[in-house]
Amino acid sequence: MKPVIVVHGGAGRIFKDREEGIRSGVIRAALKGYSILKQGGSALDATEEAVASMEDDPHFNAGCGSVLNENGEVEMDAIIMDGKNLASGAVSAVTCIANPINLARLVMEKTEHMLLTDRGAKLFAKVMDVPEIPGEKLITERSLERWKKKLEADSNPVEFKKEPGTVGAVAIDNEGNVACATSTGGLSNKLVGRVGDSACIGCGGYADNQVGAVSTTGHGESIMKVVLARLLLYHMEQGMSPEKAADTALNYMKTRVGGLGGVIVVSSSGDWAARFSTNQMSWATVKDDQLQYGIHTGELYTSSVSEALGSK
Ligand code: ASP
């Protein structure tokens, strides 16, 4: 099987001044994941590394750069899933760690559980020797400004946030195993303790070698109502292509619950799609040593991996 990776950097509205940084961030993540796959690494490792690279990049709403909750703190959700055996690990409402996706993987591999939250996740991180960092280290000037503005505006908390940044990756490796990983700071000015779709299996992501792998982004409460990632894979099981299944699932979410979002998907035969119902979604993919990426509807840039590495 030829390896494929697809990543996203969140669906929503991307402001012009942010485009360049976001574009480079998703390209860097896709290339990182692909290099792991090319060396014979697993889809699980590739998706975890790709997501960790975007968690470390302050352009995205995940890890450093996460949006803030109503108290002005960073609380993060993440999930990872292995399509080989349907094993999955997730964390929700975690604070003071740099890479929630690494902790999600530890939940998957070192516990008998699938999701640890808040205090329990923190205790588990300690046991696993995951370094604790001051919460302020995850806060950027931009997220602080946003938080203040939103407080002042006293805006409706159910309105879909205008700026994206949740990150995700899906991949298939040369053994035909698929995996997904998703990580987020959630919605800005969310209630303390709010758990979004990104920590919930079938919502923020799903991976099954028999069908494919999906990572989602968008209005979490809508995604959870329609169980978006699993819904998409169900449509593929019924014979739809990844693109058609993605559009059908997103359209259902829009018409049934009024929610907007985006998805990336790779099938068990290595076909992929990146689709969204929001104004924009940043994404990048590498297949056959060819990099493709875009942000706006219909946008698709192509370059070879060697070219892309040369310009990094
Ligand atoms: N789905 C994320 C959440 O609701 C947000 C996003 O994808 O932008 O937590």
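We count ligands from 1, going down the list as the structure has it; atoms in each ligand are counted the same way.
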Between E19 and K16, does any side-chain N to carboxylate O distance fall below 4.0 Å?
yes

Charged N to carboxylate O under 4.0 angstrom, K190 versus E221?
no

The one among V167, T184, T217 that brings a heavy atom closest to atom 7 (O) of ligand 1
T217

Suppose I only count heavy atoms of T166 and a 4.0 Å limit; which atoms of ligand 1 are within that range?
2 (C), 5 (C), 6 (C), 7 (O), 8 (O)

Ligand 1 contact on R194 by region, counting heavy-atom pairs under 4.0 Å:
side chain

Would you mind running through ligand 1 and noting each atom that sits below 4.0 Å from a heavy atom of D197?
1 (N), 2 (C), 3 (C), 4 (O), 9 (O)

Under a heavy-atom criterion of less than 4.0 Å, does E221 contact ligand 1?
no

Would you mind checking if R230 and E237 are paired as a salt bridge, meaning a charged N to carboxylate O distance below 4.0 Å?
yes

Taking only non-hydrogen atoms of G186 and a 4.0 Å limit, the atoms of ligand 1 in range are 9 (O)

Contact between G218 and ligand 1, counting heavy atoms under 4.0 Å?
yes

My understanding is that only one of V170, I5, V214 makes a side chain to side chain contact (heavy atoms under 4.5 Å, CB included) with I264; could you say which?
V170

Can you sort out which atoms of ligand 1 are near L187, meaning under 4.0 Å from one of its heavy atoms?
4 (O), 5 (C)

Has K32 got more than 12 heavy atoms of other residues, nucleotides or ligands less than 6.0 Å from its NZ?
no

Apply side-chain hydrogen bond (donor to acceptor under 3.5 Å, both in side chains) to N177 and D82, showing your working.
CA-CA 8 Å; N177 293 313; D82 184 351; over 6 Å; no

